Structure formats: C-alpha cells, structure tokens
Amino acid sequence: MKNLGNLEETVLLLVMIMEEPYGYAIADEYRDQTGQQISISAIHTVLMRLEKKGLLTSKMEGSTESRGGRRKRVCEVTGLGRSVIQSLKENRMKLWSQIQGI
C-alpha cells in the first residue's frame with residue numbers, strides 16, 4: 001500500500017467526491033469540508049505528488065469564458081487510488097471499532 005500523508009488522503013477523497021475536481025475547486029471544497037484555508041499552490045503540489053504515486057491522473061480541459069479563457073487541469077482517481085483509499089478506510093474502521101465509548 002502506498003503511504004499517504006493526511007493532506008494527500010484528504011485531497012484524494014475530495015477528488016473522489018467532486019464532479020469536476022481541479023485546483024481552485026478542490027481548494028474551495030477543502031475549505032467547505034474542513035473549515036480551513038489552503039493555498040492553490042499547496043493543492044497543486046499535493047495533486048502532483050498523488051499523480052506521481054499513480055493514485056490519480058489529470059488532463060487539461062479547454063478554456064472557458066467563465067475562467068477568463070484559462071484552461072483547467074481536471075483530476076480523476078485511478079484504480080490504484082481507489083484501492084489505497086479502501087484499504088485506509090478498512091484499517092481505520094478496524095482501529096475505531098476497538099475503541100470503547102465512542
């Protein structure tokens with residue numbers, strides 16, 4: 001299993017739940033889900049690490065008027081990424097189930 005830091009795991013989960021995950025939208029969703037701000041450059045760094053680990057892929061999409069003619073790089077989780085997230089979930093649930101009173 002690939003090792004993931006907390007931020008990597010969170011960003012990977014966000015990519016999985018979003019319709020159109022790209023840098024700015026992921027940063028917005030991160031803020032909405034966690035209540036914390038994160039810079040676009042931090043998101044891009046994490047996305048590049050996840051892609052290098054084979055956990056997601058990305059592709060450039062066409063420019064739009066709403067983005068001032070700029071293109072965006074949209075991400076998608078790979079099969080390996082889904083497998084890693086599933087394994088993390090199972091391991092965490094196993095641990096959580098052993099804690100009494102929560």
Side-chain angles (χ1 to χ4, degrees):
M1 180 175 76
K2 301 271 184 184
N3 289 329
L4 290 184
N6 186 51
L7 183 56
E8 290 176 321
E9 181 182 347
T10 301
V11 169
L12 193 59
L13 288 167
L14 291 173
V15 170
M16 292 175 79
I17 66 172
M18 295 176 67
E19 272 188 44
E20 192 175 40
Y22 63 97
Y24 184 80
I26 295 169
D28 279 350
E29 188 68 22
Y30 182 89
R31 183 194 64 240
D32 292 346
Q33 294 284 345
T34 68
Q36 299 175 341
Q37 294 286 346
I38 189 166
S39 70
I40 301 297
S41 61
I43 291 291
H44 283 272
T45 298
V46 171
L47 291 173
M48 285 187 288
R49 279 198 313 253
L50 291 170
E51 193 162 8
K52 189 174 183 178
K53 290 179 179 185
L55 305 178
L56 62 78
T57 59
S58 66
K59 64 180 177 185
M60 291 300 290
E61 292 202 346
S63 60
T64 61
E65 275 188 44
S66 65
R67 292 182 39 82
R70 293 185 316 264
R71 297 172 70 195
K72 60 186 165 191
R73 181 174 296 278
V74 177
C75 302
E76 183 177 345
V77 176
T78 63
L80 177 59
R82 289 184 184 285
S83 174
V84 167
I85 285 295
Q86 182 65 37
S87 180
L88 286 169
K89 178 183 176 186
E90 289 168 3
N91 289 338
R92 289 223 169 94
M93 295 306 290
K94 181 180 174 185
L95 290 169
W96 276 105
S97 71
Q98 297 176 57
I99 298 173
Q100 301 297 316
I102 292 183

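Being a predicted model, the structure only gives us computed values, none of them experimental.
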Q: Name all residues meeting the side chain to side chain contact (heavy atoms under 4.5 Å, CB included) criterion together with Glu20; count only those two or more places apart in sequence or in a different chain, and write none if there are none.
A: Tyr22, Glu61, Lys72, Val74

Q: Could you list all the salt bridge (charged side-chain N to carboxylate O under 4.0 Å, His left out) pairs where at least one residue sits in residues 4-17, not counting sequence neighbours?
A: Glu8-Arg49, Glu8-Lys53, Glu9-Arg92

Can you list, pair by pair, the side-chain donor-acceptor contacts under 3.5 Å of residues 38-45, counting residues two or more places apart and other chains?
residue: Ser39; atom: OG; partner: Ser41; partner atom: OG; Å: 3.2
residue: Ser39; atom: OG; partner: Ala42; partner atom: N; Å: 3.0
residue: Thr45; atom: OG1; partner: Ser41; partner atom: O; Å: 2.9

Q | Rounded distance [0.5 Å steps], OG1 in Thr34 versus CG in Leu7 | A | 9.5 Å

Q.
Suppose we screen for side chain to side chain contact (heavy atoms under 4.5 Å, CB included). Which residues come up paired with Met18, at least two apart in sequence or across chains?
A. Leu14, Pro21, Ala25, Ile26, Glu29

Q) Backbone N or O of Arg73 within a donor-acceptor pair of the Ser58 side chain at under 3.5 Å? A) no

Q. Partners of Gln86 by side-chain hydrogen bond (donor to acceptor under 3.5 Å, both in side chains), sequence neighbours excluded?
A. Glu90

Q: Please list, chain by chain and in numerical order, all residues satisfying side-chain hydrogen bond (donor to acceptor under 3.5 Å, both in side chains) with Glu76, sequence neighbours excluded.
A: none

Q: Output all residues satisfying side-chain hydrogen bond (donor to acceptor under 3.5 Å, both in side chains) with Arg31, sequence neighbours left out; order by chain, then residue number.
A: Asp28

**Q.** Linked, directly or transitively: Val46 and Leu80 (ILVMFWY side chains, under 4.5 Å)
**A.** yes

Scan the side chains in residues 95-102 for donor-acceptor partners under 3.5 Å anywhere in the protein, sequence neighbours excluded, and list what turns up.
residue: Ser97; atom: OG; partner: Met93; partner atom: O; Å: 3.4
residue: Ser97; atom: OG; partner: Lys94; partner atom: O; Å: 2.8
residue: Gln98; atom: NE2; partner: Lys94; partner atom: O; Å: 3.1

Q) Can you name the closest pair of heavy atoms from Gln33 and Ile17 and give their distance? A) NE2-CD1, 4.0 Å

Q: Applying side chain to side chain contact (heavy atoms under 4.5 Å, CB included), run through Cys75 and Leu47 and close with a yes or a no.
A: CA-CA 8 Å; Cys75 302; Leu47 291 173; 3.9 Å; yes

Q: Please identify each residue that fulfils side-chain hydrogen bond (donor to acceptor under 3.5 Å, both in side chains) with Thr10, with sequence neighbours left out.
A: none

Q: For the pair Leu4 and Leu55, evaluate side chain to side chain contact (heavy atoms under 4.5 Å, CB included) and give the outcome as yes or no after the intermediate values.
A: CA-CA 10 Å; Leu4 290 184; Leu55 305 178; 3.4 Å; yes

Q. At what distance, to the nearest 0.5 angstrom, does CG of Leu13 lie from CD1 of Ile85?
A. 4.0 Å

